[in-house]
Amino acid sequence: MASYDFREIETRWQQEWADQGMYRVPNPGEEGFDDSKPKKYFLDMFPYPSGKGLHVGHPLGYIGTDIFSRFHRMRGANVLHPMGFDSFGLPAEQYAVETGVHPRITTEKNIETFTRQLKAFGFSYDWDRAVATTDPEYYRWTQWIFLQLFGSWYDAGQNKARPIAELVEELESGLRAADGVMWQNLPERDRREYLDSQRLAYIDEVPVNWCPALGTVLANEEVTVDGRSDRGNHPVYRRPLRQWMLRITAYADRLIDELDLVEWPESVKTMQRNWIGRSDGATLIFDIEGHTQMRVFTTRPDTVFGATYMVVSPEHPLVDEIAPEFWPDGTLPSWTLGIDSPRDAVVAYRMAASRKSDLERQIDEREKTGVFTGAFAINPLNGERIPIFIADYVLMGYGTGAIMAVPGQDERDWEFAEKFDLPIIRTVQPPPDFEGDAYLGDGPAVNSGFLDGLDIDAAKKRIIQWLETNGTGKGTVTYKLRDWLFSRQRYWGEPIPILHGPDGELLPVPEDELPLRLPDVDDYKPHASDDENAEPRPTLGNASDEWKLVDIDGVTYERELNTMPQWAGSCWYYLRFMDPTDAEQLVAPETEHYWMGDSGVDLYVGGVEHAVLHLLYARFWHKVLNDLGHVGTKEPFGKLFNQGYILADAFQDERGMYVPAADVVETDGDFTYEGEEVKRLYGKMGKSLKNSVNPDEIFEEYGVDALRLYEMFMGPLDTSRPWSTKDIVGVHRFLQRLWRNFIDEDSGEVLVSDDPSVGEVQVLLHRTIESVSQDMNNLHFNTAVARLFELNNVLVGLDRVPSDVADVLPRLLSPLAPHVAEELWHRMGKDGSVVTADWPLCNKSLIAEDTATMVVQVNGKVRDRIQVPISITEDEAVALALASERVQVHTGGAQPRKVIARLPNVVSLVV
RNA sequence: GCCGGGAUGGCGGAAUGGAAGACGCGGCGGACUCAAAAUCCGCUGAGUGAAAGCUCGUGUGGGUUCGAAUCCCACUCCCGGUACCA
């Protein structure tokens with residue numbers, strides 16, 4: 001068979017490689033391990049195996065890491081390149097609800113489909129290392145990590161997590177007290193509750209995001225800006241609930257600071273920093289007249305002399321306490337909502353505020369509203385009496401839920417002050433040309449007593465010092481980051497391995513009883529509801545009493561019925577890939593140290609949508625495991641790369657419903673679906689836009705190598721690109737042409753010459769080696785493909801492929817299009833596989849040319865190009881330039897006023 | 001509003017201070033063919049010209065420089081993130 005039969009070639013080599021275990025990579029100590037090679041760990045974000053299978057948009061990043069892995073193997077590295085499945089999650093469960101088919105069955109089937117599809121791409125994964133988060137032998141260690149979190153506390157002094165047993169020791173020895181109380185003086189129950197409150201995994205009653213439609217609570221990270229569920233776009237309500245929490249806030253500073261250790265896109269680092277939201281400022285204590293005190297947080301303690309009123313959040317617990325029966329003297333009519341008593345007024349305002357939907361809040365355009373509480377606070381700096389308001393622009397969830405309002409230096413406070421006729425005092429002098437309201441810039445302090453004249457930084461330091469000396473405040477840091485809500489009321493997730501005793505005792509399931517397997521239930525249905533007040537009820541409540549109840553020494557314990565969120569399994573899968581079948585431990589330390597090295601995974605490629613959720617959670621778990629001595633690096637992912645997306649045309653009918661893009665017909669720029677006119681749009685390829693392209697169809701028509709080349713050739717890996725099936729012919733032609741250059745289609749003869757290339761072809765060959773090597777190193781696969789096109793196009797004009805080109809070209813092509821490269825390699829009778837061949841080296845002396853094209857510019861415009869020896873001197877170059885007729889036309893023969901030479905490339909004449 | 005990224009032929013893109021548009025798609029012309037497909041060869045930013053050439057040209061306006069897609073300032077539009085966070 002002499003024509004390019006890509007289907008036959010591709011299937012045959014995939015089988016052959018699998019049979020030979022070509023991509024198996026041994027761990028240190030295992031047979032075949034070569035200690036002399038450098039290590040590389042290249043990781044893809046593993047997929048959720050959906051029932052729909054892969055479309056051509058999914059594997060864009062996978063193709064990139066595969067090329068990179070193949071390139072580095074040829075350059076002599078031990079490359080760990082694994083793949084697995086993030087297989088817990090909603091769709092399998094929803095399918096189970098609809099059909100009664102166990103999610104395990106659905107999941108296994110989907111994993112099978114995905115595995116088959118991924119293998120069809122010819123990816124060089126070590127499939128022996130594949131893991132699925134739903135495998136009990138995998139989630140056993142997810143549960144084990146949870147128990148590590150449960151079994152540790154954060155030592156703020158040492159700034160790291162430590163085993164809780166060490167806390168107990170310190171408490172018992174008197175080195176440390178429990179909230180100021182000596183350990184010996186605490187009853188047993190209080191001791192237990194104190195310890196439970198210190199753990200990194202703890203139960204707390206907190207305001208949670210309750211999504212009745214999904215029947216579960218969600219993490220902050222899973223709720224969109226407009227207050228809806230990230231999955232499914234259902235409404236989410238805030239309500240207090242006792243739930244499992246993970247103490248990620250203890251790591252807030254390290255999660256910010258240690259971003260400096262990793263090579264990540266700056267945008268992702270910024271998103272993480274913003275999400276953590278560190279603010280440096282101060283807490284101030286204000287006395288409230290006739291009552292207690294109130295604490296406020298501010299980032300601008302230097303402006304305290306300009307605090308002319310206070311605002312507390314409507315939900316603030318102090319509100320009911322401080323609001324008096326009657327309006328005090330000095331109350332303006334606009335402050336009262338027209339209600340007779342402050343107590344009634346605050347209740348009315350709070351009701352109105354809580355009823356306000358997110359939509360209404362947007363429509364309101366942030367119009368300031370509020371009501372006077374009737375109470376006054378005393379400014380600790382100048383003793384001024386200032387009124388206390390409630391307003392919904394102050395949020396209970398941030399800082400202390402109360403602020404000192406400084407309209408002179410804060411735009412929101414300014415607006416509020418204008419509306420409610422409150423005084424405005426500037427405490428920072430704006431520049432003379434300043435036009436506007438609140439002034440946020442720097443300048444000398446004014447109207448601020450002993451701060452006057454200081455700039456903002458100095459004034460902040462000075463005032464914090466004063467507050468601390470006088471006991472009316474202190475420097476404080478606050479964060480937007482909240483602890484991670486870890487309970488889900490779902491079936492298809494890891495069971496949390498905790499038993500609840502009769503009096504609130506929390507008992508971890510012993511490690512040797514892990515995995516704690518998911519029980520079978522009759523009904524997988526989450527307790528979803530349209531009623532926002534419905535009680536969340538975990539699906540595992542449907543399990544038998546036999547599973548739910550555990551008898552220990554005659555005492556009945558109840559199993560925890562919540563499961564873990566989907567992020568749990570993906571928080572640590574990169575660790576398990578290193579040692580996927582270890583029954584004794586999460587990962588063997590020497591193996592972990594080898595593959596992770598000093599800085600973790602060498603390249604992690606995935607979509608930017610995980611910038612906060614997955615990447616923040618995984619860093620958190622990794623740091624805990626590092627603190628406890630289970631892993632050796634501070635950060636899991638040394639280098640991160642976000643690949644772009646494949647975009648494609650999508651079509652909407654009259655009702656705005658998406659119609660299958662594959663069935664839309666174009667006639668003269670108009671688009672129709674089943675005879676109806678449809679509107680063309682454009683977006684990320686996927687299920688929701690109904691514009692997926694199935695890779696199987698592309699394999700049939702053009703082959704795997706063509707698809708891989710096409711996706712890489714479309715543009716740089718980190719930018720999104722529009723899919724266009726008809727454009728694949730370009731790379732397809734390249735492969736056909738390559739084939740015909742090497743193989744006579746009539747006779748099957750291998751058209752390789754006995755002689756190496758000479759002259760221009762030889763120079764081009766070595767230039768191609770040089771630039772393709774650099775492009776590969778920099779993940780510039782689009783230009784690497786272009787360089788191979790050029791070399792191949794030159795071969796079209798030759799009778800036979802010169803021997804050195806025949807030796808090099810398949811090797812350069814092998815990472816990109818491994819199947820055709822391997823076939824040509826074998827047809828030429830080369831030893832071994834091209835997969836394990838050495839990467840070609842460039843002979844630099846051949847590409848160092850002895851002449852160059854010198855551009856001559858006159859007044860900045862190119863007027864002539866002259867071939868010159870590379871070693872030309874400035875005098876020679878200028879003489880040549882001036883001698884050029886084309887140049888003389890523009891200089892008029894005059895001597896240049898100025899000459900700039902960048903030899904041998906440019907001579908620039910100014911006349 | 002704030003933060004980050006971007007804008008180059010009909011299209012995807014290349015070029016990160018020194019020849020703008022590599023490479024590919026599409027288009028035009030030619031060879032082969034009874035014909036078509038495939039393949040091969042040539043042309044293909046705009047304007048002007050018989051041609052050599054000249055002028056213009058990398059979102060807009062300005063600047064730095066002998067020289068700017070590239071650096072600086074101001075702006076427009078697009079994409080992503082975020083938002084009453086004190």
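Residue numbers begin at 1 in each chain, while the letters A, B, ... track the order of the sequences. These numbers come from a predicted model, not from an experiment.
With its glycosidic angle more than 90° from 0, B:G53 is assigned anti.
At a cut-off of 3.5 angstrom, the base of B:A19 holds at least one donor-acceptor pair with the side chain of A:Thr853. Put simply, the side chain of A:Lys726 and the base of B:C25 share no donor and acceptor less than 3.5 Å apart.
Comparing B:C23, B:C40, B:A86 by their closest approach to the side chain of A:Ala786 singles out B:C23. Among B:C25, B:A20, B:G81, the nucleotide with an atom closest to any side-chain atom of A:Met271 is B:G81. Out of B:A86, B:A19, B:C25, the shortest distance to the side chain of A:Val729 is found at B:C25. The side chain of A:Phe789 sits closest to B:G24 out of B:G24, B:A86, B:U39. Of the candidates B:C23, B:A86, B:C41, B:C41 carries the atom nearest the A:Val796 side chain, counting heavy atoms from C-beta on. For A:Glu790, taking side-chain heavy atoms from C-beta onward, the closest of the listed nucleotides B:C84, B:A86, B:A22 is B:A22.
A cation-pi arrangement is present between A:Arg619 and A:Trp264 under the rule of less than 6.0 angstrom and at most 45 degrees off the ring axis.
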Would you list the protein and nucleotides 27-32 of chain B atom pairs, both N or O, that sit under 3.5 Å from each other?
none

Between the protein and nucleotides 42-49 of chain B, which nitrogen or oxygen pairs come in under 3.5 angstrom?
none

Quick one: which protein N/O atoms are closer than 3.5 Å to N/O atoms of nucleotides 64-67 of chain B? Pair and distance per line, please.
{"unit_1": "B:C66", "atom_1": "OP1", "unit_2": "A:Lys898", "atom_2": "NZ", "d": "2.6"}
{"unit_1": "B:C66", "atom_1": "O2", "unit_2": "A:Ser908", "atom_2": "OG", "d": "2.4"}

Could you list, one pair per line, each protein nitrogen or oxygen that sits under 3.5 Å from a nitrogen or oxygen of nucleotides 12-14 of chain B, together with the distance?
{"unit_1": "B:G12", "atom_1": "O2'", "unit_2": "A:Met714", "atom_2": "O", "d": "2.6"}
{"unit_1": "B:A14", "atom_1": "OP1", "unit_2": "A:Asn782", "atom_2": "ND2", "d": "2.9"}

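Rounded to the nearest Å, the gap between the P atom of B:G10 and that of B:G81 is 31 Å. Spacing between B:U44 and B:A22 at atom C1', rounded to whole Å, works out to 15 Å. If you take atom C1' in B:A20 and the same atom in B:A68, they sit 11 Å apart, rounded to whole Å. The separation of B:C72 from B:C78, taken at their C1' atoms, amounts to 23 Å, rounded to a whole angstrom. Nucleotides B:A7 and B:G26 place their C1' atoms 22 Å apart, quoted to the nearest Å. The separation of B:A19 from B:A86, taken at their P atoms, amounts to 49 Å, rounded to a whole angstrom. When the P atom is used for both B:G57 and B:A52, the distance is 22 Å, rounded to whole Å. Separation of the C1' atoms belonging to B:G13 and B:G24 is 9 Å when rounded to the nearest angstrom.
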Sequence neighbours left out, cut at 3.5 Å: what donor-acceptor pairs do the side chains of residues 895-903 of chain A make with other protein atoms?
none

Side chains of residues 786-795 of chain A: which donor-acceptor pairs under 3.5 Å do they make with residues two or more places apart or in other chains?
{"unit_1": "A:Arg787", "atom_1": "NE", "unit_2": "A:Glu790", "atom_2": "OE1", "d": "2.8"}
{"unit_1": "A:Asn792", "atom_1": "OD1", "unit_2": "A:Asn741", "atom_2": "ND2", "d": "2.8"}
{"unit_1": "A:Asn792", "atom_1": "ND2", "unit_2": "A:Phe734", "atom_2": "O", "d": "3.4"}
{"unit_1": "A:Asn793", "atom_1": "OD1", "unit_2": "A:Arg737", "atom_2": "NH1", "d": "2.9"}
{"unit_1": "A:Asn793", "atom_1": "ND2", "unit_2": "A:Phe789", "atom_2": "O", "d": "3.4"}

For a quick test of your reading: what N or O donor-acceptor pairs under 3.5 Å do the side chains of residues 775-782 of chain A make, sequence neighbours left out?
{"unit_1": "A:Asp775", "atom_1": "OD1", "unit_2": "A:Thr783", "atom_2": "OG1", "d": "3.4"}
{"unit_1": "A:Asp775", "atom_1": "OD2", "unit_2": "A:Thr783", "atom_2": "OG1", "d": "3.1"}
{"unit_1": "A:Asp775", "atom_1": "OD2", "unit_2": "A:Ala784", "atom_2": "N", "d": "3.3"}
{"unit_1": "A:Asn778", "atom_1": "ND2", "unit_2": "A:Gln774", "atom_2": "O", "d": "3.1"}

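When the P atom of B:U39 is taken as reference, atom CH2 of A:Trp739 falls 17 Å away, rounded to whole Å. If you take CZ of A:Arg708 and C1' of B:G24, they are 19 Å apart, rounded to a whole angstrom. Atom CG in A:Asn741 sits about 12 Å away from atom C1' in B:U39, given to the nearest Å. For A:Asp437 and B:G1, the CG to C1' distance is 14 Å, given to the nearest whole Å. The CZ-C1' distance, from A:Arg733 to B:A37, rounds to 12 Å in whole Å.
A centroid separation of less than 6.0 Å is found between the aromatic rings of A:Phe416 and A:Tyr309.
When heavy atoms are screened at a 4.0 angstrom cut-off, A:Val608 is found touching no nucleic acid atom at all. Nucleic acid contact for A:Arg482: none, since no nucleic acid atom lies under 4.0 Å from a heavy atom of the residue. Within 4.0 Å of A:His890, counting heavy atoms only, lie sugar-phosphate atoms of the nucleic acid but no base atom. Counting any heavy atom pair closer than 4.0 Å across all strands shown, A:Asn793 reaches sugar-phosphate atoms only and no base atom.
Under the rule for a side chain to side chain donor-acceptor pair (under 3.5 Å), the partners of A:His614 that lie at least two apart in sequence or sit in another chain are A:Tyr604. Evaluation of the side-chain contact (heavy atoms from CB on, under 4.5 Å) rule for A:Asp727 yields A:Tyr710, A:Ser724 as partners, not counting sequence neighbours. Every residue two or more places apart in sequence or in another chain that forms a side chain to side chain donor-acceptor pair (under 3.5 Å) with A:Arg7 is listed here: A:Glu700. For A:Lys460, there are no salt bridge (Lys or Arg N to Asp or Glu O under 4.0 Å) partners, not counting sequence neighbours.
In A:Gln867, the CD atom is crowded: over 12 heavy atoms of neighbouring residues, nucleotides or ligands sit closer than 6.0 Å.
Using a 3.5 Å distance cut-off with no hydrogens or angles, the side chains of A:His732 and A:Gln736 do pair a donor with an acceptor.
A sub-4.0 Å separation between OP1 or OP2 of B:A38 and a side-chain N or O of A:Arg740 is absent. Phosphate contact (OP1/OP2 of B:A52, side-chain N/O of A:Arg886, threshold under 4.0 Å): absent.
Listed by first residue number, the stems of RNA chain B with at least three Watson-Crick or G-U pairs below 3.5 Å are B:1-7 with B:76-82, B:10-12 with B:23-25, B:26-31 with B:39-44, B:45-48 with B:53-56, B:59-63 with B:71-75.
Residue A:Ile276 forms a side chain to side chain contact (heavy atoms under 4.5 Å, CB included) with just one option from A:Ile256, A:Thr249, A:Asp253, and that option is A:Ile256.
Although no hydrogens or angles enter the test, the distance criterion places no donor-acceptor pair under 3.5 Å between the side chain of A:Gln857 and the main chain of A:Arg863. With hydrogens and angles ignored, the 3.5 Å screen pairs a side-chain donor or acceptor of A:Arg708 with a backbone N or O of A:Leu816. Remark: the backbone N or O of A:Arg295 is paired with a side-chain donor or acceptor of A:Thr400 at under 3.5 angstrom.
Here the shortest heavy-atom pairing between A:Phe305 and A:Asn379 reads CA-ND2, 4.5 Å.
Residue whose closest nucleotide on RNA chain B sits further toward the 5' end, between A:Asn274 and A:Gly797: A:Asn274.
Interatomic distance, CG of A:Leu395 versus CD of A:Glu315, reported as 8.0 Å (0.5 Å rounding).
Salt bridge annotation for A:Arg273-A:Glu266: present, with a cationic side-chain nitrogen under 4.0 angstrom from a carboxylate oxygen. Salt-bridge check for A:Lys419 with A:Glu367: passed, with a basic side-chain N closer than 4.0 Å to an acidic carboxylate O.
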